[in-house]
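Quick one: structure below, then a few questions.
Letters go in sequence order (proteins before strands), and every chain restarts at 1. Given the structure is predicted, the values throughout are model-derived calculations rather than measurements.
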Protein chains: 2
Amino acid sequence: MEFEKLADTLKALADPTRLKIISLLRTRDCCVCELVPIFNISQPAISRHLSRLKTAELVHETRKSQWVFYSLNVKKLEETGFALNHLPDLSEKLKELEKQGLLVRCE
Amino acid sequence: MEFEKLADTLKALADPTRLKIISLLRTRDCCVCELVPIFNISQPAISRHLSRLKTAELVHETRKSQWVFYSLNVKKLEETGFALNHLPDLSEKLKELEKQGLLVRCE
DNA sequence: TATATAAATAACAATATGGTTATATAACTA
DNA sequence: TAGTTATATAACCATATTGTTATTTATATA
């Protein structure tokens, strides 16, 4: 479902740590060990936030020898902002429901 | 904090039921009893979703005799989409951290 | 090969979320 | 005033979220 997918992406964004990570990645790619000291949480916590962002396709990971660098998927982020500002128009659905008498009208 | 507030608003949006409610309100104001039969959840559940949206200032409520009508705060919704596409630039903060030697560099 | 570093995963705990049913409140109506 | 309808709140439960510490996996190096 459309709404389910958008809600999932928004959930991935709806956390201050993850928003800050994304903001940092706007400047440049970062590896996990760079990110950890910036936040007051443990390395596994950062790792899981990154994993969450990766699942939502908001970031991309690349291993470079012993480090894993994360980069922002700008396109996905932009698509999400766009989707928020262009939520589906349900006026047709409302009209249908009215025609079928399935809609209570209050007046 | 900037990120905290944005995260809170995004949390309010990050639910398929609430996204659909917002989409419906794009067409016109709706009262609670109109919304309830559209979803497969109870009236109190809808009521709490609306309450969540109200707290986030994404909707506005107006009582008209026995009904309570909810309307969309288009401005707040647009601001949120905009904020997503214009997350703060933290490059200065990164530079500062580097200067203070607080940033691990991996290469 | 043994050790060190980077990152992910496992197991667990506390809190948040989202649903339910029951009940309270507010406003109409006979 | 008593009853009805619309909505909100309370109490509760199951699951999700987000942190922790301990451990595992992957890579580099002495």
Next on the checklist: Under a 4.0 Å threshold between the charged nitrogen and the carboxylate oxygen, would A:Glu57 count as salt-bridged to A:Lys75?
Outcome noted: no
Next on the checklist: Using the side-chain heavy atoms of B:Ser65, tell me which of these nucleotides is nearest: D:dG19, C:dG18, C:dA27.
Outcome noted: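 The listed nucleotide nearest to B:Ser65's side chain is C:dA27.
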Item to check | Point-to-point distance, once rounded to the nearest 0.5 Å, from CD1 of B:Ile21 to CG of B:Leu72 | outcome: 11.5 Å
Checklist entry - Between atom CD1 in A:Ile46 and atom C1' in C:dA7, what is the gap in whole Å? => result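 Distance, rounded to whole Å: 12 Å.
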Item to check | Interatomic distance, B:Ile41 CD1 vs C:dT17 P [rounded to whole Å] | outcome: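 Distance, rounded to whole Å: 16 Å.
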Item to check | Touch class at under 4.0 angstrom, heavy-atom based, for B:Arg48 against every strand present | outcome: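 If one applies the 4.0 Å heavy-atom cut-off, B:Arg48 turns out to touch a base.
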Item to check | Sugar-phosphate only, base, or nothing, as touched by A:Ser42 at under 4.0 Å among non-hydrogen atoms | outcome: base
Next on the checklist: Given A:Phe69, which partner from the list A:His60, A:Glu61, A:Glu34 fulfils the side chain to side chain contact (heavy atoms under 4.5 Å, CB included) test?
Outcome noted: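 Per the side chain to side chain contact (heavy atoms under 4.5 Å, CB included) rule, the option paired with A:Phe69 is A:Glu34, out of A:His60, A:Glu61, A:Glu34.
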Checklist entry - In whole angstrom, what separates B:Trp67's CH2 from C:dA26's C1'? => result 14 Å
Checklist entry - Is the side chain of A:Arg63 donor-acceptor paired with the backbone N or O of A:Ser65 at a distance under 3.5 Å, no angle test? => result yes
Item to check | Sugar-phosphate, base or nothing in reach of A:Gln43, heavy atoms under 4.0 Å | outcome: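 Base, at least one base atom sits under 4.0 Å.
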Item to check | Mate of D:dA30 where both pairing distances stay under 3.5 Å, Watson-Crick or G-U | outcome: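 The base-pairing partner of D:dA30, which may sit in any strand shown, is C:dT1.
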Checklist entry - Does OP1 or OP2 of D:dA6 have a side-chain N or O of B:Arg63 closer than 4.0 Å? => result no
Checklist entry - Nearest-Å distance, CZ (A:Phe69) to C1' (D:dA26)? => result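 After rounding, the reported distance stands at 16 Å.
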Next on the checklist: Checking contacts here: which listed nucleotide (C:dA26, D:dT20, C:dA8) is nearest the side-chain heavy atoms of A:Tyr70?
Outcome noted: C:dA8
Next on the checklist: If you compare every side-chain N and O of B:His49 against the phosphate oxygens of C:dG19 (OP1, OP2), does one of them come in below 4.0 Å?
Outcome noted: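 Answer yes for this pair, as a side-chain N or O of B:His49 is under 4.0 Å from OP1 or OP2.
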Checklist entry - Between D:dA8 atom C1' and B:Leu53 atom CG, what is the distance in whole Å? => result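 Those two atoms, CG and C1', are 15 Å apart.
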Next on the checklist: Please give me the minimum heavy-atom distance between B:Lys76 and B:Leu58, naming the atom from each residue.
Outcome noted: CG-CD2, 3.7 Å
Next on the checklist: Nearest whole Å is fine: how far is C:dT17 P from B:Lys11 NZ?
Outcome noted: 6 Å
Next on the checklist: Tell me the interatomic distance from A:Glu61, atom CD, to C:dA6, atom P, rounded to whole angstroms.
Outcome noted: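 Atom CD in A:Glu61 sits about 17 Å away from atom P in C:dA6.
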Item to check | B:Gln66 or B:Thr17, whichever maps to the more 5' nucleotide of DNA chain C | outcome: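 Upstream on the strand: B:Thr17.
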Item to check | Residue whose closest nucleotide on DNA chain D lies nearer the 5' end, A:Arg52 versus A:Lys64 | outcome: A:Arg52
Checklist entry - CG of A:Leu50 versus P of D:dT17: gap in Å, rounded? => result 17 Å
